[in-house]
Amino acid sequence: MHEEKRKLPLHFYQSEDVISIAKSLLGKQISTNINGNVTAGIIVETEAYMGITDKASHAYNGRFTNRTKTMFEDGGITYVYLCYGIHSLLNVITGPKDTPHAVLIRAIEPTTGIDIMLQRRNMTVLKSNITKGPGALSQALGVDRDINAMDLNGDIIWIEDVSYPLNKKQIVACPRIGIDYAGEDALLPWRFYIRDNIYVSRPVKGL
DNA sequence: CCAGGGATGGACT
DNA sequence: GTCCATCCCTGGT
C-alpha cells in the first residue's frame, strides 16, 4: 500500500466544523520527517479554537498580526507558536481561507521513531511524559517554529488514518486547559481526549 | 521603545 | 500541591 493514500484529504481540514474535526483527529496518526528522521504518534488529545468568536483564540475578534496571519490561510496547514517563551505548540489550521479555526494537538501516543523522540526529549527510559502535553509532543516530533504554516499533505509533516480502533464512548469532552483569561468561553467543552489513555496530559477526575 | 502576559513543563515540598 | 524559567507577541506610548 502506498502511504500517500492514507493521508487525510484536503477537504477533511476545510470543513467549517472545527469541533467535529477536533474529535475526528483523535486516533489519527501524525508524523514528521525532520532531516530524514521519521517520528510519529497517535493523536489522543485535542482542543478546538473557534476563530474570531472564541475569546481563547489568538484570532479572537479578527486579530490579524504577523503571528496569527497563518490562522487565516486555507485549512490543511500547521500553526506553530512559542508559548511561555519555551514551548512550541502545534496546531492544525482548519476551515476555508479567512476562517481562522484551529485544533491544538495536546498529546500523542508514540508509534514510530521512539529512540529519536527519547533523544530529543533528553530521556533514556520510555515514560508517558515523552509526548504528554503540547510542548512535550512538539519537542518529541522535532516541531519548532520552522514548521509553522507548513502543508499537512507534504513530506515534512502529515496526518494519516491508520484505522486506530475508537468508538464515541471513549471520547471525553471537557473544558480547555490554561485559558482562564477567556471568561465564559473557558467553560466551553472543546477539549477532547481518549478515555484511559496514559498519554493524555491531564485526565479529568472521575471520568 | 517598552511593559505585561502567556493554549507549559519540570523541579520541588 | 507550589513555584518559576524564559522570550516572543502584542498593544500602548
Side-chain angles (χ1 to χ4, degrees), chain A residues 18-19 21-23 25-26 30 41 43-73 75 77-95 99-110 117-150 157 172-194 197-206:
Chain A
V18 66
I19 306 295
I21 296 176
K23 283 188 272 194
L25 282 171
L26 294 175
I30 187 164
I43 298 169
V44 300
E45 178 180 352
T46 61
E47 286 178 358
Y49 287 83
M50 197 178 288
I52 63 175
T53 61
D54 176 2
K55 288 181 181 170
S57 166
H58 290 169
Y60 174 61
N61 204 23
R63 182 191 288 143
F64 186 93
T65 66
N66 195 49
R67 178 173 66 155
T68 64
K69 63 185 180 188
T70 302
M71 301 180 74
F72 291 81
E73 295 296 321
I77 63 172
T78 61
Y79 170 51
V80 181
Y81 72 95
L82 193 68
C83 184
Y84 295 108
I86 306 170
H87 308 290
S88 296
L89 269 54
L90 172 62
N91 295 254
V92 172
I93 294 304
T94 72
T99 299
H101 294 177
V103 177
L104 172 66
I105 310 298
R106 286 194 54 89
I108 64 173
E109 175 181 322
M117 294 198 237
L118 285 169
Q119 279 181 15
R120 289 178 179 147
R121 296 279 293 129
N122 200 24
M123 296 169 64
T124 52
V125 181
L126 179 58
K127 290 183 291 188
S128 66
N129 68 353
I130 187 173
T131 51
K132 185 197 292 264
L137 78 87
S138 290
Q139 188 179 15
L141 291 174
V143 168
D144 58 22
R145 281 170 302 145
D146 291 343
I147 306 298
N148 184 47
M150 200 158 274
I157 183 166
V172 177
C174 62
R176 295 170 292 178
I177 302 294
I179 55 158
D180 293 344
Y181 57 85
E184 70 273 19
D185 288 355
L187 302 174
L188 295 166
W190 288 353
R191 175 181 180 228
F192 305 99
Y193 65 85
I194 299 178
N197 187 286
I198 64 166
Y199 294 95
V200 170
S201 64
R202 286 171 48 181
V204 174
K205 277 187 189 176

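The shown structure was predicted, so the numbers you read here are calculated from the model rather than taken from an experiment.
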S.K.: Determine, step by step, whether A:N129 and A:M123 satisfy the side chain to side chain contact (heavy atoms under 4.5 Å, CB included) criterion, reporting the C-alpha distance in whole Å, the side-chain angles of both residues, the deciding distance to 0.1 Å, and the verdict.
M.R.: CA-CA 10 Å; A:N129 68 353; A:M123 296 169 64; 3.2 Å; yes
S.K.: Under a cut-off of 3.5 Å for both distances of each Watson-Crick or G-U pair, what dot-bracket string does DNA chain B give, using [ ] for crossing pairs and | for inter-strand pairs?
M.R.: ||||||.|||||.
S.K.: Pair up each side-chain donor or acceptor in residues 101-108 of chain A with any protein partner under 3.5 Å, not counting sequence neighbours, and list the distances.
M.R.:
residue: A:H101; atom: ND1; partner: A:E16; partner atom: O; Å: 3.4
residue: A:R106; atom: NE; partner: A:E45; partner atom: OE2; Å: 2.7
residue: A:R106; atom: NH2; partner: A:S201; partner atom: OG; Å: 3.1

S.K.: Looking only at heavy atoms, what is the nearest atom pair of A:K127 and A:Y199, with distance?
M.R.: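 Smallest interatomic distance, heavy atoms only, reads O-CE2, 4.5 Å.
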S.K.: Measuring from atom OH of A:Y60 to atom NZ of A:K55, what distance do you get when rounded to the nearest 0.5 angstrom?
M.R.: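 Answer rounded to 0.5 Å: 4.5 Å.
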S.K.: Provide the start and end nucleotides, 5' to 3', of the part of DNA chain C that has atoms under 4.0 Å from heavy atoms of chain A.
M.R.: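 Taking any atom under 4.0 Å from a heavy atom of chain A, the span is C:dA5 to C:dG11.
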S.K.: At under 4.0 Å between heavy atoms, how does the protein contact nucleotides 2-13 of chain B? Give one character per nucleotide, 5' to 3', with B, S or -.
M.R.: ----BBBSS---
S.K.: Give one of base, sugar-phosphate or nothing for A:R145, where a contact means two heavy atoms less than 4.0 Å apart.
M.R.: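 A:R145: backbone/sugar contact only, no base atoms under 4.0 Å.
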S.K.: Test: salt bridge (charged side-chain N to carboxylate O under 4.0 Å, His left out). Region: residues 129-150 of chain A. Which pairs qualify, not counting sequence neighbours?
M.R.: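 Listed once each, the pairs would be none.
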S.K.: Answer whether the closest heavy-atom distance between the side chains of A:R191 and A:V204 falls below 4.5 Å.
M.R.: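 In short, these two side chains touch, coming nearer than 4.5 Å.
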S.K.: If you measure from CZ on A:F192 to SG on A:C174, what distance do you get to the nearest 0.5 Å?
M.R.: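 Atom-to-atom, A:F192:CZ and A:C174:SG are 8.5 Å apart.
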S.K.: How would you list, by chain and number, every residue that makes a side-chain hydrogen bond (donor to acceptor under 3.5 Å, both in side chains) with A:Q139, sequence neighbours excluded?
M.R.: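 In terms of side-chain hydrogen bond (donor to acceptor under 3.5 Å, both in side chains), with neighbours along the sequence ignored, A:Q139 is linked to A:R121.
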S.K.: Does a side-chain heavy-atom distance below 4.5 Å link A:Y49 with A:H58?
M.R.: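 No, side chains not in contact.
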S.K.: Specify the closest pair of heavy atoms between A:T78 and A:T70, including all atoms of both residues, with the distance to one decimal.
M.R.: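 In this case the closest contact between A:T78 and A:T70 is O-CG2, 3.3 Å.
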